[in-house]
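Working notes, structure below.
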Amino acid sequence: MKKDFLSIADYSPEALQDILDLALELKKERKEKGENKPILKNKVLGMVFQKPSLRTRVSFDMAMRHLGGDALYLSPNEIGLGQRESVADVARVLAGYVDVIMARVFAHQHVLDLAKWSEVPVINGLSDYDHPCQGMADALTIVEKYGKLKGLNVTFVGDGNNVAVSMMHICTKLGANFTLAAPEGYDLPEKALKESQGFAAKSGSAIRTLRDPHEAVKNADVIYTDTWTSMGQEEETEKRKKVFPPYQVNEKLVSEASKDVIVMHCLPAHRGQEITDEVADGPHSVLFPQAHNRMHAQKAILVSLFR
Ligand code: CP
Ligand code: NVA
């Protein structure tokens, strides 16, 4: 049966750990030998975008090139997913041309429908619900710093959005404690919270949802933040700018966490809003290695789909 990579929630802790181990291996291979083995030779990735992207687009494209394959970029205007053509028809047509599809969509249902109708594997490159490729790159970044996720305290400060959902998924699957500090009305989706509570019970970790960012970062090994307004929510920008300032990740907040805390952000960052320049460019920041790990993690995700 074909595999898809739609959500971290669908994968077992063992399978997620295998992907992380493979990512580390492929990263080391490229660093030491200057190249990877062409394990995806003759494979082509079709990349469907309904939203803009820097990291997702370039890191997937380069991941395919490094592994001997190729990638096709399909812009929002080209396909008109669900508008010019139904999602089911797009999936069935595209699957006849390419070997794997990555899609960045508005409605999560669209990525589920692509997977349902496509004969080739489908990867979720961000939906309004979650961002699993980001979660895997973030886990890789944390493993590089701490050696593991188990037992760490990870605090997400800001909106309980798609990136927060994937962070919660990977933390609870692999045994890290996850805390969200969000204003009222910006909590995590109930479904994600419920399923993650189940993962946490199995891995022995805990989930906390708090309002107070200061309480939330106490003893944090990782502080994570993201934009206050995600793609597709632009009409709420002004309202959100009034609600979120107490959740800014600044030097004062970082000083209240563990001494060696790392600060993460999936980027793009809105400097001066959710994160200050001092923190983004400061000694605790891992923002750029984290962005670069998108490519390494996605190599492993791609390879795992053909195993
Ligand atoms: N973090 C992330 O997904 O970035 P892009 O929107 O640039 O792809
Ligand atoms: N939460 C952000 C992440 C961007 C990579 C968004 O969905 O716009």
Side-chain angles (χ1 to χ4, degrees), residues 5-8 23 45-64 71 73-76 101-111 123-142 156-170 180-183 185-189 192 222-237 239-241 243-244 247-249 263-271 273-275 280 285-299 301-302:
F5 190 78
L6 303 178
S7 177
I8 288 171
L45 169 70
M47 305 193 288
V48 178
F49 281 91
Q50 284 191 314
K51 296 171 176 173
S53 170
L54 167 63
R55 279 143 291 270
T56 304
R57 175 183 177 173
V58 181
S59 60
F60 264 109
D61 193 330
M62 292 311 297
M64 287 303 293
Y73 170 71
L74 299 154
S75 74
I101 295 170
M102 187 277 294
R104 164 165 288 194
V105 299
F106 286 100
H108 187 65
Q109 190 58 45
H110 279 177
V111 84
I123 299 172
N124 176 0
L126 178 147
S127 72
D128 58 3
Y129 178 65
D130 63 357
H131 194 1
C133 297
Q134 184 70 53
M136 294 307 288
D138 298 341
L140 182 62
T141 310
I142 295 173
F156 193 101
V157 181
D159 188 16
N161 64 13
N162 44 8
V163 173
V165 165
S166 288
M167 202 59 211
M168 176 168 65
H169 281 154
I170 193 70
L180 173 81
Y186 298 93
D187 290 318
L188 292 149
V222 176
I223 295 177
Y224 203 121
T225 192
D226 183 16
T227 182
W228 295 336
T229 305
S230 287
M231 292 179 277
Q233 301 172 331
E234 287 77 9
E235 76 284 359
E236 293 179 26
T237 304
K239 183 175 136 206
R240 285 167 176 263
K241 270 190 190 164
V243 176
F244 279 98
Y247 295 84
Q248 182 185 68
V249 175
V263 175
M264 305 183 74
H265 189 312
C266 60
L267 304 178
H270 304 80
R271 289 161 175 261
Q273 294 186 36
E274 75 272 6
I275 193 164
S285 169
V286 295
L287 267 50
F288 298 105
Q290 178 189 358
H292 299 155
N293 274 338
R294 289 291 303 276
M295 181 175 77
H296 305 294
Q298 287 156 198
K299 281 182 186 174
I301 292 168
L302 286 160

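Every number for a ligand or one of its atoms is a count from 1 in the order of the listing.
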- [ ] Any chance you could measure Met231, atom CE, to Leu126, atom CG, to the nearest 0.5 Å?
- [x] 5.0 Å

Open item on the list: Give me the nearest non-hydrogen protein atom to atom 8 (O) of ligand 2 as residue plus atom name, then the distance to 0.1 Å.
Closed with: Met231 N, 2.8 Å

Open item on the list: Suppose I only count heavy atoms of Leu267 and a 4.0 Å limit; which atoms of ligand 2 are within that range?
Closed with: 5 (C)

Open item on the list: At less than 4.0 angstrom from any non-hydrogen atom of Leu126, what atoms of ligand 2 do you find?
Closed with: 3 (C), 4 (C), 5 (C), 7 (O)

Task: Contact atoms of ligand 1, heavy-atom distance to Leu54 under 4.0 Å - done: 5 (P), 7 (O), 8 (O)

Task: Interfacing atoms of ligand 2 (cut-off 4.0 Å, heavy-atom, Asp226) - done: 1 (N), 2 (C), 3 (C)

Open item on the list: Side chain or backbone, does Leu126 bring an N or O within less than 3.5 Å of an N or O on ligand 1?
Closed with: no

Task: Under 3.5 Å: N/O of Leu267 near N/O of ligand 1 - done: yes

- [ ] Distance to 0.1 Å, residue and atom name: give those for the protein heavy atom nearest to atom 2 (C) of ligand 1.
- [x] Arg294 NH1, 3.3 Å

- [ ] Kindly say whether His108 contributes a backbone atom to a donor-acceptor pair with the side chain of Asp128 at under 3.5 angstrom?
- [x] yes

TODO: Please tell me if the side chains of Leu267 and Gln290 come closer than 4.5 Å, counting only heavy atoms from C-beta onward.
DONE: no

TODO: Identify the two heavy atoms, one from Cys133 and one from Asn124, that lie closest to each other, and give their separation to 0.1 Å.
DONE: SG-O, 3.5 Å

Open item on the list: So if I count the atoms of ligand 1 from 1 in the order they appear, which ones are less than 4.0 Å from some heavy atom of Ser53?
Closed with: 5 (P), 6 (O), 7 (O), 8 (O)

Open item on the list: Within the structure provided, determine whether Asp130 and Ile8 are in side-chain contact (heavy-atom separation under 4.5 Å).
Closed with: no

Open item on the list: Consider side chain to side chain contact (heavy atoms under 4.5 Å, CB included). Of His270, Lys239, Gln273, Gln233, which one does Trp228 pass it with?
Closed with: Gln273

- [ ] Do me a favour and list the nearest non-hydrogen protein atom to atom 4 (O) of ligand 1 with residue, atom name and distance?
- [x] Arg55 NE, 2.8 Å

Open item on the list: So Met167 and Ile142, do their side chains get closer than 4.5 Å, heavy atoms only?
Closed with: yes

- [ ] For atom 6 (O) of ligand 1, find the nearest protein heavy atom and state the residue, atom name and distance (0.1 Å precision).
- [x] Arg104 NH1, 2.7 Å

- [ ] Please determine if Ser230 has a nitrogen or oxygen closer than 3.5 Å to a nitrogen or oxygen of ligand 2.
- [x] yes

Open item on the list: So if I count the atoms of ligand 1 from 1 in the order they appear, which ones are less than 4.0 Å from some heavy atom of Gln134?
Closed with: 1 (N), 2 (C), 3 (O)

Open item on the list: Main chain of Met64, side chain of Lys299: is a donor-acceptor contact present, judged purely on distance under 3.5 Å?
Closed with: no

Task: Nearest-0.5 Å distance that lies between atom CG in Leu140 and atom NE2 in His292 - done: 13.0 Å

TODO: Please say whether His131 places an N or O atom under 3.5 Å from an N or O atom belonging to ligand 1.
DONE: yes

Open item on the list: Does either side chain, that of Gln298 or that of Ser59, offer a donor lying less than 3.5 Å from an acceptor on the other one?
Closed with: yes

TODO: Give the residue, atom name and distance (to 0.1 Å) of the protein heavy atom nearest atom 7 (O) of ligand 2.
DONE: Asn162 ND2, 2.9 Å

